[in-house]
Engineer: 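Quick one: structure below, then a few questions.
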Amino acid sequence: MRVLVTGAAGFIGSHITRALLADGHEVVGLDDLSTGHRHNLPDGAPGWRFVLGDIRDPAVCASATLGAGAVVHLAGRNSVPKSLADPRSALEVNVFGGFNLLEAARAAGVGRFVYASSSSVYGDDPSLPKGESQLPRPLSPYAASKASFEHFARAWSSSWGLSTVGLRFFNVFGPRQDPAGPYAAVVPRFVEAALARRSPLIHGDGSFTRDFTFVDNVVHAVLLSLNAPDAGGAVINVACGGRVSVLDLWRTIAREAGFDGEPRFGPSRTGDMPHSQADISEACRLLGFEPVVPFDEGIRRTVAWFQALRAGVAA
């Protein structure tokens with residue numbers, strides 16, 4: 001099957017692209033390289049084709065989607081702090097860009113449209129674990145854009161029969177995640193700090209908790225979503241179903257990296273949820289999903305990859 005992967009040059013997209021190719025699929029990767037990296041792409045791999053383009057352009061979306069049996073839509077502006085600094089971009093890319101892809105997929109007769117949503121849609125709802133039946137309470141433009149696109153996808157599913165599956169990712173981490181820039185995710189920043197023997201900055205007192213999810217678990221869920229017969233129109237949590245504090249995250253990474261430095265603490269960030277943990281029972285029921293890599297093993301693999309990167313031998 002031909003699969004269009006948007007955001008193919010990004011962290012998660014690069015892993016999913018390689019997994020699809022390994023399974024024998026033909027893959028078209030679409031990316032504007034605004035946050036993804038060309039070196040993440042599997043150039044030269046059999047069955048691979050890359051399209052440089054922006055999902056805000058309907059013509060680009062239509063061209064890239066032609067002949068695709070499925071779409072895995074990962075492209076987006078994926079940062080709470082960045083959306084607070086530039087809310088228009090979150091709206092234009094995450095909602096209007098996603099709309100372009102929905103229309104292109106509908107016109108092309110795509111059989112399954114899998115898209116990345118986010119645990120941030122749950123906002124400040126204190127209930128734990130987070131279940132899909134909870135009403136979204138987004139706290140940031142990023143979270144609002146993700147919640148909004150879920151409604152668009154459901155509408156295209158119910159109105160025109162486009163089989164959409166939304167996956168609410170919870171704090172994904174792993175190899176190829178970019179540690180650079182002011183909006184970098186916490187795991188690669190912590191890993192880089194530990195390997196450089198620097199104390200990282202923790203926003204708040206470190207008590208905030210997250211359901212940190214190694215990227216192989218997300219890849220597993222996406223591949224299952226392409227063929228799950230009962231998942232059409234659903235929105236599903238993808239995580240490990242556990243909870244780790246930011247301070248314990250640092251201690252785990254520092255221990256794996258052989259560093260005994262203590263972190264620095266600063267003000268909490270606007271829009272951050274205090275606690276997050278997924279109920280993954282729907283993923284188990286609809287997808288047959290179970291986490292394949294636990295948190296500690298994921299941290300071990302991630303630290304090892306960054307060590308290899310520093311040595312110039314990472315893949």
Side-chain angles (χ1 to χ4, degrees), residues 1 3 5-7 10-25 27 69-74 76 78 110-122 127-134 136 146-147 149-150 153-154 157 162-177 185 187 209-244 276-302:
M1 177 171 64
V3 182
V5 178
T6 73
F11 158 50
I12 297 175
S14 66
H15 285 273
I16 290 171
T17 293
R18 283 167 168 76
L20 289 167
L21 290 169
D23 276 359
H25 296 287
V27 179
V71 171
V72 177
H73 173 38
L74 306 166
N78 298 325
V110 165
R112 179 57 60 92
F113 187 103
V114 180
Y115 64 93
S117 188
S118 168
S119 61
S120 67
V121 302
Y122 292 112
S127 304
L128 291 176
K130 310 291 187 185
E132 292 88 348
S133 62
Q134 292 174 228
K146 287 295 187 178
F149 186 71
E150 288 183 2
R154 281 197 183 100
S157 183
L162 177 62
S163 184
T164 65
V165 181
L167 302 179
R168 288 176 177 168
F169 297 154
F170 280 66
N171 295 91
V172 187
F173 71 93
R176 300 195 200 100
Q177 194 170 20
V187 172
T209 58
R210 295 290 182 265
D211 196 336
F212 292 105
T213 307
F214 187 63
V215 67
D216 284 14
N217 297 312
V218 167
V219 172
H220 181 48
V222 169
L223 295 183
L224 290 171
S225 298
L226 290 174
N227 297 301
D230 299 324
V235 177
I236 304 167
N237 290 337
V238 174
C240 291
R243 203 153 51 102
V244 176
S276 183
Q277 179 185 4
D279 177 347
I280 59 172
S281 58
E282 279 295 274
C284 298
R285 183 178 71 85
L286 294 174
L287 305 180
F289 170 82
E290 291 286 349
V292 292
V293 179
F295 169 75
D296 285 345
E297 174 62 16
I299 292 295
R300 188 194 67 77
R301 294 187 192 182
T302 302

Engineer: Any side-chain heavy atom of Asn237 within less than 4.5 Å of one from Glu282?
Structural biologist: no
Engineer: Determine whether Ser127 and Gln134 make a side-chain contact, defined as any pair of heavy atoms from C-beta on separated by less than 4.5 Å.
Structural biologist: yes
Engineer: For Val114 versus Leu226, what's the shortest heavy-atom pair and its separation?
Structural biologist: CG2-CD2, 4.0 Å
Engineer: Does NZ or CZ of Arg210 fall inside the cone over Phe173's six-membered ring, less than 6.0 Å from its centre and within 45° of the axis?
Structural biologist: no
Engineer: Are the side chains of Ser225 and Leu287 in contact, using a 4.5 Å heavy-atom criterion?
Structural biologist: yes
Engineer: Kindly say whether Val293 contributes a backbone atom to a donor-acceptor pair with the side chain of His220 at under 3.5 angstrom?
Structural biologist: no
Engineer: Evaluate the side-chain proximity of Asp296 to Pro294: yes if any heavy-atom separation is below 4.5 Å, no if none is.
Structural biologist: no
Engineer: Roughly how far apart are Gln177 CD and Ile12 CD1, rounded to 0.5 Å?
Structural biologist: 7.5 Å
Engineer: How far apart are the C-alpha atoms of Tyr122 and Glu132, what are their side-chain angles, what is the distance that settles it, and do they pass the side-chain contact (heavy atoms from CB on, under 4.5 Å) test?
Structural biologist: CA-CA 9 Å; Tyr122 292 112; Glu132 292 88 348; 4.1 Å; yes
Engineer: Check Val244 against Phe212 and note the closest heavy-atom contact, atom names and distance.
Structural biologist: O-CE1, 3.6 Å
Engineer: Tell me if a side-chain donor or acceptor on Asp211 pairs with a main-chain N or O of Cys240 at a distance below 3.5 Å.
Structural biologist: yes
Engineer: Can a donor-acceptor pair be found, under 3.5 Å and without considering hydrogens, that links the side chain of Asn217 to the backbone of Val292?
Structural biologist: yes
Engineer: Are the side chain of Asp23 and the backbone of His25 linked by a donor-acceptor contact shorter than 3.5 Å?
Structural biologist: no
Engineer: Check for a donor-acceptor pair, side chain of Glu150 on one end and backbone N or O of Ala147 on the other, with a separation under 3.5 Å.
Structural biologist: no
Engineer: Could you tell me whether the side chain of Ser157 and the main chain of Ser163 form a donor-acceptor pair under 3.5 Å?
Structural biologist: no
Engineer: Measure the spacing between OG1 of Thr213 and CG of Asn171 and express it to the nearest 0.5 Å.
Structural biologist: 7.0 Å
Engineer: Any sub-3.5 Å donor-acceptor pair from Arg112's side-chain atoms to Ala228's backbone N or O?
Structural biologist: yes
Engineer: When you measure from the side chain of Lys146 to the backbone of Ala116, do you find a donor-acceptor pair of N or O atoms at a distance under 3.5 Å?
Structural biologist: yes
Engineer: Ignoring hydrogens and geometry, is there a side-chain-to-backbone donor-acceptor pair from Glu297 to Phe214 under 3.5 Å?
Structural biologist: no
Engineer: Do you know the tightest heavy-atom contact between Phe289 and Cys284?
Structural biologist: O-SG, 3.1 Å
Engineer: Measuring from Ser117:OG to Arg168:CZ, what's the distance to the nearest 0.5 Å?
Structural biologist: 5.5 Å
Engineer: Hey, does Thr302 have a side-chain heavy atom less than 4.5 Å from the side chain of Val215?
Structural biologist: no
Engineer: I'd like to check Val172 versus Phe11 (side-chain heavy atoms, cut-off strictly below 4.5 Å). Are they in contact?
Structural biologist: yes
Engineer: Keeping the roles fixed (side chain from Thr6, backbone from Leu74), state whether a donor-acceptor pair exists under 3.5 Å.
Structural biologist: yes
Engineer: Compare all side-chain heavy atoms of Leu223 with those of Leu20 and state whether any distance is below 4.5 angstrom.
Structural biologist: yes
Engineer: Could you give the distance from OG (Ser120) to CZ (Phe170), rounded to the nearest 0.5 Å?
Structural biologist: 9.5 Å
Engineer: Determine the minimum heavy-atom distance between Thr164 and Ala153, stating which atoms define it.
Structural biologist: OG1-O, 3.4 Å
Engineer: Parallel, tilted or perpendicular, judged at 30° and 60°: which one describes the rings of Phe149 and Tyr115?
Structural biologist: perpendicular
Engineer: Could you measure the distance from the CG atom of Asp279 to the CD1 atom of Ile236? Nearest 0.5 Å is fine.
Structural biologist: 12.0 Å
